[in-house]
Amino acid sequence: MKFFSTRAGTWTGFAAAALVLFGLAPLVLSGFRLGLLAQFLCYAIVAVGIGLAWGRGGMLTLGQGVFFGMGAYLMAMHLKMADAEFRGGPGAVPDFMELAGIRELPGYWVPFTSPVFTIAAILLLPTGFAVLLGFAVFKRRVKGAYFAILSQALAGAFAILLIGQQTLGGFNGLSRFRYFFGFNLADPVNQQMLYFIAAGALLVVMAVALQLRRSRYGELLVAVRDGEERVRFLGYDAANIKVVAYAAAALFASIAGAIFVPVVGIISPASIGIIPSIMFILGVAIGGRASLAGPVIGALAVAWAQTALSEQFPSAWTYAQGLLFIAVIALLPGGIASVGALARRLPSKPTAVEAAA
Amino acid sequence: MDLFVGQLFTGLSTGSILLLAALGLSLTFGQMGVINMAHGEFIMAGCYTAYVTQQVVGDAGVSLLIALPIGFLVGGAMGLVLESLLLRRLYHRPLDTLLVTFGVGLVLQQVARDVFGAPAVNVTVPEPLRGGVDLLGTTVPKTRLFIMALAVVAVAAVTLVLRFTPAGRRIRAVVGNRDLAETAGVSSRRVDAGTFFIGSGLAGVAGVALTLIGSTSPTTGQSYLVDAFLVVVAGGMGRIKGAVVAAVALGTFQAVFETYSTASLAKVGVFVVIVVFLQLRPQGLFTLRTRSLA
């Protein structure tokens, strides 16, 4: 493990990951499984952001579903508009609105005809919202448990808000997308392209997270996590430092949501509320919240286990989820990433994460 | 006038439900700093206690009276087990207690699903509590009045215990300054267990009462939990009176919002109100004055 924390080691790790994702996976996996992997990669992108905000910054954000959902709905709106235009020419309403008896296109849908506007919105809107909320919360030094509960309430409120919006598909959400920026989604080649987009996005997001961690800023972030008052006494504004990590996590989640929509083909309030948001945490905790690759591996493992087990043994899978939460957090707060370090120096002192949390 | 009284009543009613759910949390979260996400499942256990008691006893009125103390014991016992097996090791890691107890909640929900089935079950409302009472021009359901009365009794009981009993004095001592209390001979470990017993027991009582106004399913507790946490956050750590004021205020906000918009917008409205409110008072309505930095 020591090797991977050196500069050369990190790039070796990146190269290996790229080789597996771009070379090996498309060779050995069928189209269906590759689609599943693309979906898992979206969860992994969210996990990188949570690792940054929670693992490095100490902000337990239980509302990443909000930003994931924002990215997903923004993308879905564009895909529905493109779809409507394809079927009924300019000014036509998306199919689900016709079914609901909505003849007039709501004004806020109109700009999403433009792909450029959509992509800009996906990148800027959730990030801007996170910055605003972050300033409101962190400047007033609302932190720790208060912040966790607020972020969770935000996820709950957001899901309930979406359920009430008939012009966004209400409880059923948005589904049945045919084209992705002009590419037919039914074509397996285009599905594979989506997989490559997801894999590429994950690597880029991880590289950004790595740069943030390696920078002076990354040092400050960890310092805020471990002793916010001390950082403040040194003359830094702890709130600004936290807002950056929170906004980055929001941006990552939004990107993941935007890729998730064409890959999976549906987004609904059920996949972004309180429970899905806290489930994002499970993978991060298992993999190791403070490490870079840990959250990714944990998220992939949890998503894979969920797919493999939840259909056949729904009851057992829920027990397993609950017990994993208990066991990992209580006994192994550093996650799998800390196993090597623990083995090396037994009996151990509490790790940095343990002391800080 | 009618509309005003009606809304005031709806607010008080919603507030008293919130308060019942939040009172136990105010003890365990507010006073001990443990974020117990399984609190909702303790409420759910109280609901099922009422259901099972009624299956056994039969008479709705008698079973309600029996179920209230049994619910307290069931919730309290579950809390005691949770505290002694898990939380005792995690007191210095509050955020981690949140995730651990969320896992416990998941397991408990699935247990309920396996034992009682996923579909909701209903408890028969006793004869004397059916129908409504005319009050200042609006009709008020008796079950809601009962829940309000129960909330008042519960708050009074907790306040009296905290203020006038030796056990309550020990709890306040540990909350105020753990180290100093230990130096004075108070066993903080036993006080923690006792506080957790009472807090979780209150969740059980809340669960029994909530069966009067809604059906019970394995996910019943969750629907109350987030709102209950918001009450504690807005009310301020460790302050019973903060929880009371915050619960009534949030209940009224929600009732008024719902009249002028929709239930879904009301939830968002309450969230915005709380974020704005925390701008003014980041530590909640009432705060324990300490010289600590947190």
Side-chain angles (χ1 to χ4, degrees), chain A residues 54 58-60 62 133 136-137 139-150 152-165 228-230 232-233 274-275 278 281-282 285 314-331 333 350 353-357, chain B residues 29 33-35 37-38 85-87 89-90 92-111 113-114 219 222-223 225-230 232-234 237 261-272 274-276 278-284 293-294:
Chain A
W54 178 40
M59 294 166 276
L60 179 52
L62 299 175
L133 190 68
V137 171
K139 280 284 181 196
R140 294 302 294 168
R141 297 181 198 171
V142 174
K143 60 189 172 190
Y146 278 44
F147 170 75
I149 289 165
L150 274 184
Q152 186 168 43
L154 176 68
F158 187 62
I160 292 171
L161 181 70
L162 281 174
I163 290 174
Q165 304 308 307
E228 185 167 337
E229 276 76 27
R230 293 186 194 179
R232 197 175 295 129
F233 295 161
I274 289 178
I275 300 293
I278 203 168
I281 302 282
L282 179 57
S315 163
W317 169 241
T318 311
Y319 283 125
Q321 272 180 320
L323 294 175
L324 272 175
F325 259 116
I326 299 169
V328 171
I329 304 277
L331 304 177
V353 172
E354 237 174 323
Chain B
F29 174 43
V34 170
I35 311 172
M37 294 291 284
L85 286 186
L86 277 174
L87 298 182
R89 302 156 206 279
L90 298 172
H92 54 291
R93 289 155 52 190
L95 286 183
D96 285 358
T97 62
L98 189 160
L99 296 170
V100 166
T101 50
F102 175 76
V104 173
L106 270 185
V107 170
L108 289 178
Q109 268 179 40
Q110 191 58 34
V111 168
R113 215 169 279 134
D114 287 346
T219 51
Q222 269 180 5
S223 45
L225 187 68
V226 175
D227 291 342
F229 266 122
L230 287 182
V232 181
V233 166
M237 285 273 198
S261 65
T262 58
S264 65
L265 278 179
K267 287 270 181 206
V268 182
V270 166
F271 177 79
V272 172
I274 288 180
V275 170
V276 171
L278 287 180
Q279 298 296 304
L280 307 174
R281 298 191 72 98
Q283 304 291 321
L293 281 165

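Chain letters run A, B, ... following the sequence lines, proteins first, then strands; residues in each count from 1. Note that the structure is a prediction, hence the values are computed from the model and not measured.
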Q | Stepwise side chain to side chain contact (heavy atoms under 4.5 Å, CB included) test for A:Leu161 and B:Leu265 | A | CA-CA 6 Å; A:Leu161 181 70; B:Leu265 278 179; 3.5 Å; yes

Q: Decide yes or no on side chain to side chain contact (heavy atoms under 4.5 Å, CB included) for A:Ile275 and B:Gln222, but give the supporting numbers first.
A: CA-CA 10 Å; A:Ile275 300 293; B:Gln222 269 180 5; 3.3 Å; yes

Q: Could you walk me through whether B:Phe102 and A:Ile278 pass side chain to side chain contact (heavy atoms under 4.5 Å, CB included), step by step?
A: CA-CA 9 Å; B:Phe102 175 76; A:Ile278 203 168; 3.0 Å; yes

Q | Worked verdict on A:Tyr146 versus B:Val232 for side chain to side chain contact (heavy atoms under 4.5 Å, CB included) | A | CA-CA 9 Å; A:Tyr146 278 44; B:Val232 181; over 6 Å; no

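Residue A:Phe325 holds its CZ atom at 9.0 Å from CE of B:Met37, rounded to the nearest 0.5 Å. Here the CD atom belonging to A:Gln152 is positioned 7.0 Å from the CG atom belonging to B:Leu225, to the nearest 0.5 angstrom.
Only the backbone of B:Leu280 comes within contact range of chain A, with at least one heavy atom under 4.5 Å from a heavy atom of that chain. For A:Leu162, no part lies near chain B; criterion is any non-hydrogen pair under 4.5 Å. Contact annotation for A:Ala148: only side-chain heavy atoms (C-beta onward) come within less than 4.5 Å of a heavy atom of chain B. Both the backbone and the side chain of B:Phe229 come within contact range of chain A, judged by heavy atoms closer than 4.5 Å. Using a 4.5 Å cut-off between heavy atoms, A:Leu150 contacts chain B through both its backbone and its side chain. For chain B, no part of A:Leu282 is nearby; none of its heavy atoms comes within less than 4.5 Å.
In terms of heavy-atom pairs under 4.5 angstrom with chain B, the leader among A:Val137, A:Leu324, A:Leu154, A:Ile281 is A:Leu154. Contact tally against chain A (heavy-atom pairs below 4.5 Å) for B:Asp114, B:Thr97, B:Asp227, B:Ile274: the top residue is B:Asp114. The candidate with the highest count of non-hydrogen atom pairs below 4.5 Å against chain B, out of A:Gln321, A:Arg140, A:Lys139, is A:Arg140.
When all heavy atoms of B:Val275 and A:Ala136 are compared, the pair lying nearest together is CG1-CB, 4.3 Å. Here the closest non-hydrogen pair linking B:Ile35 and A:Ala145 is CD1-CB, 3.1 Å. Looking at every heavy atom in both residues, B:Leu106 comes nearest to A:Thr318 through O-CG2, 4.0 Å.
Just one of B:Asp96, B:Leu86, B:Leu98 meets the side chain to side chain contact (heavy atoms under 4.5 Å, CB included) condition when paired with A:Ile329; it is B:Asp96.
Under the 4.5 Å side-chain criterion, counting only non-hydrogen atoms from C-beta, B:Val111 is in contact with A:Tyr319. Residues A:Pro333 and B:Arg93 are in side-chain contact: their nearest non-hydrogen atoms beyond the backbone lie under 4.5 Å apart. Using a 4.5 Å heavy-atom cutoff, the side chains of A:Leu60 and B:Leu99 are in contact. In this structure, B:Val107 and A:Leu323 have side chains that are in contact, with non-hydrogen atoms separated by less than 4.5 Å.
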